[in-house]
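Since the structure comes first, as C-alpha cells, the remarks are kept for the end.
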Amino acid sequence: MLTYEVQLDIDIIRYNEALTKRESGLNDAREEALLAKFPPAEPMLLNRPSVVIDSGYRIILWYLPGALTWSLQRDMFMATVGMGNLLQNSITAGKMSTGRTTKWRTSASNFHAAREPGLIPGCINISPCWFQQGHENPLDGFRPEVSATLKGDNGLSSIIDMQRPALLSSAALRVMHPQLYRASMSTHVGLGHWAAAQGQDQMYQSLQHWASVYSGASIVCNRHSPNHRDPKCPPEGFDILTCIGSYDHAVMNLTNLGIDLVYNPGVMVSYSGRLVRHGVRVGEGDRIVWAWFMRDSMHNYAGTPRTDFAKYNLADFAIYHLAKYNQADFVRYRTHSCQ
C-alpha cells in the first residue's frame, strides 16, 4: 500500500502543554486563541493512505481509507444491530449543552433516524474494565468495574460479536505505536490477574474474551459530531475510529491541523482525540462508528508506565526526502509516497 507522509510545522509536545486538562474543543473562542498561537497548515484534503507527522517527526495521525474488508463491515453492522436496546436507551432528552463534554454525545438533537431496518441510533461505551466517569481516583476508594453496557445477560455475547473488529484494532496499534501496544498488553494481563484475585468473575470473564488491547470502544450510530476533543485520550495515544454505513458523502474536519479527510465507509483513522480537534460533516444515510479508546487511568492502576510519542522512522524519511521533489503531486506540505 502506498502511504503519503505529510509533515507539519506544529510541535505536538508544546501544543499539548498549551491545552488544559479537560479541553473539550467546544469553546470556539478558546479554539481561536489556540489557532493564533499554533497556526494550522494551509487547507488540504487527504483521500489516500497517509501518515501526518509534526516538526519533530512524531506521528500525529494515521489515515487509512478502505481499511475495512466487506466481511469486517458486515460483522460491525450485525453487532451494532444486536446492541439496539442499549443504543436506544442511551439517548437523552433536552437541549444540547456545550458547557460539558458529555451532554452533546447523547443528546437527542444530534441523532437522526436510521434507514436500515433494525438499526437504532445511539451512543454507548463498552469496556470490560474501567473506572466510571468521575470515579477515576483509586485514592478515593474507587475500583474498576465492568461497564454498565456489559452487565446484562447479553454482555458476553456482545464482546464475542466484537472480536474480529477488536483484533483489527489491536493489529493496527501494533504497527502504529508498538510501544503503546506492548504497554496495553501488559495492562490487560495485569487487570486480568487483579480481577481473578479479587473474585471479580464477570470482569475476569469479560477480559478473557476481550480481543482488543484498547480499554474500550464507543459504538455510535447516526450521530452528528460537532468539532470537539476527547480530553481523556492520552496525548501520546492513538484512538482508532472505524466507520461503516450507507451514507452518501462525509468529510472529517481536523480544524487545528488544517486537514480534511474523505471519510467514506470502510475508513480507519487514528490520532489522539485530545490533540486533534475533530468533527464530521456527513450526507444522508446511516453511519456507524466504532471508536476504540485508551484510558490512562487503567494503565496507571495496573502500574504500567506511560509511553513516549510514536516517531516516524527517520531512516525511511531520509530515503524519500530527496525523491519527493520529483513527485508530480508534491506540494509545500512535503507529501510524497513510499513503499
Side-chain angles (χ1 to χ4, degrees), residues 3-46 49-64 101 172-173 175-181 183 227-241 252-261 269-279 293-294 296 299 305-322 324-325 330-338:
T3 305
Y4 292 82
E5 291 79 29
V6 180
Q7 187 171 27
L8 305 178
D9 290 335
I10 192 171
D11 182 322
I12 58 173
I13 290 182
R14 291 192 173 98
Y15 187 81
N16 178 59
E17 291 171 348
L19 300 177
T20 63
K21 182 178 180 180
R22 302 186 183 278
E23 203 80 60
S24 70
L26 298 171
N27 186 324
D28 289 337
R30 166 64 176 161
E31 292 299 326
E32 288 296 326
L34 286 169
L35 289 175
K37 188 174 183 179
F38 300 93
E42 293 294 325
M44 70 179 88
L45 177 69
L46 298 181
S50 307
V51 58
V52 178
I53 59 180
D54 81 340
S55 58
Y57 306 101
R58 303 172 195 89
I59 299 175
I60 303 173
L61 167 78
W62 291 87
Y63 171 57
L64 301 171
T101 60
L173 186 66
V175 174
M176 295 172 179
H177 199 327
Q179 187 186 27
L180 182 58
Y181 171 85
N227 293 325
H228 67 281
R229 300 178 188 272
D230 302 309
K232 291 187 179 181
C233 179
E236 71 280 2
F238 288 126
D239 290 340
I240 289 183
L241 281 67
M252 173 175 278
N253 311 118
L254 312 178
T255 58
N256 64 316
L257 303 181
I259 295 175
D260 287 344
L261 307 175
V269 184
S270 185
Y271 50 71
S272 168
R274 168 178 167 81
L275 296 180
V276 179
R277 189 186 188 220
H278 51 284
F293 59 81
M294 200 78 68
D296 185 63
H299 286 227
R306 290 282 289 266
T307 65
D308 297 324
F309 286 87
K311 277 206 165 186
Y312 184 77
N313 189 312
L314 297 181
D316 287 347
F317 190 86
I319 290 172
Y320 295 103
H321 183 74
L322 297 176
K324 72 184 181 184
Y325 291 102
F330 172 68
V331 291
R332 62 181 294 189
Y333 306 106
R334 304 181 181 178
T335 303
H336 57 287
S337 64
C338 70

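Every value quoted in this text rests on a predicted model; they were computed, and no experiment measured them.
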side-chain contact (heavy atoms from CB on, under 4.5 Å) evaluation trace for Y271 with V52: CA-CA 10 Å; Y271 50 71; V52 178; over 6 Å; no

Contacts of type ring-ring contact (aromatic ring centres under 6.0 Å, His included), residue Y63, not counting sequence neighbours: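 For Y63, no residue satisfies ring-ring contact (aromatic ring centres under 6.0 Å, His included) once neighbours in sequence are set aside.
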
Option passing side-chain contact (heavy atoms from CB on, under 4.5 Å) with I60 (candidates I53, L275, L257):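 Single side-chain contact (heavy atoms from CB on, under 4.5 Å) partner of I60 among I53, L275, L257: L257.
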
Just how far is it from atom [atom1] of [X] to atom [atom2] of [Y], taken to the nearest 0.5 Å?
{"X": "M176", "Y": "L61", "atom1": "CE", "atom2": "CG", "value": "9.0 Å"}
{"X": "Y15", "Y": "S272", "atom1": "OH", "atom2": "OG", "value": "10.5 Å"}
{"X": "E17", "Y": "I12", "atom1": "CD", "atom2": "CD1", "value": "11.0 Å"}
{"X": "E236", "Y": "M294", "atom1": "CD", "atom2": "CE", "value": "9.5 Å"}
{"X": "L35", "Y": "T255", "atom1": "CG", "atom2": "OG1", "value": "6.5 Å"}
{"X": "E42", "Y": "L8", "atom1": "CD", "atom2": "CG", "value": "12.0 Å"}

R30 atom CZ, neighbour heavy-atom count above 12 within 6.0 Å: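 More than 12 within 6.0 Å, yes.
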
Donor-acceptor pair between H278 and N256 side chains, under 3.5 angstrom: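 Absent: no donor and acceptor within the cut-off.
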
Carboxylate-amine/guanidinium proximity below 4.0 Å for R229 and D239: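 No, this pair does not count.
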
Salt-bridge contact E23-R274 (side-chain N to carboxylate O under 4.0 Å):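 No.
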
Contacts of type side-chain hydrogen bond (donor to acceptor under 3.5 Å, both in side chains), residue D308, not counting sequence neighbours: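 Per chain and number, D308 pairs via side-chain hydrogen bond (donor to acceptor under 3.5 Å, both in side chains) with no residue.
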
Please check if the side chain of [X] supplies one atom and the backbone of [Y] the other of a donor-acceptor pair under 3.5 Å.
{"X": "D11", "Y": "I13", "answer": "yes"}
{"X": "S270", "Y": "W62", "answer": "no"}
{"X": "T307", "Y": "Q179", "answer": "no"}

Salt bridge (Lys or Arg N to Asp or Glu O under 4.0 Å) between D9 and R14, worked out: CA-CA 12 Å; D9 290 335; R14 291 192 173 98; over 6 Å; no

Chi angles and distances behind the side-chain contact (heavy atoms from CB on, under 4.5 Å) call for D260, N253: CA-CA 5 Å; D260 287 344; N253 311 118; 3.0 Å; yes

Heavy-atom side-chain proximity of L19 to L34 below 4.5 angstrom: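 When only atoms from C-beta onward are counted, L34 and L19 do touch, with a gap below 4.5 Å.
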
Intermediate values then yes/no, side-chain contact (heavy atoms from CB on, under 4.5 Å), M44 and V6: CA-CA 10 Å; M44 70 179 88; V6 180; 3.8 Å; yes

Output field: ring centroids Y312/Y57 closer than 6.0 Å: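 No, ring centres 6.0 Å or more apart.
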
Parallel, tilted or perpendicular: rings of F238 and H177 (30°, 60°):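 Because their plane-to-plane angle is over 60°, the rings of H177 and F238 count as perpendicular.
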
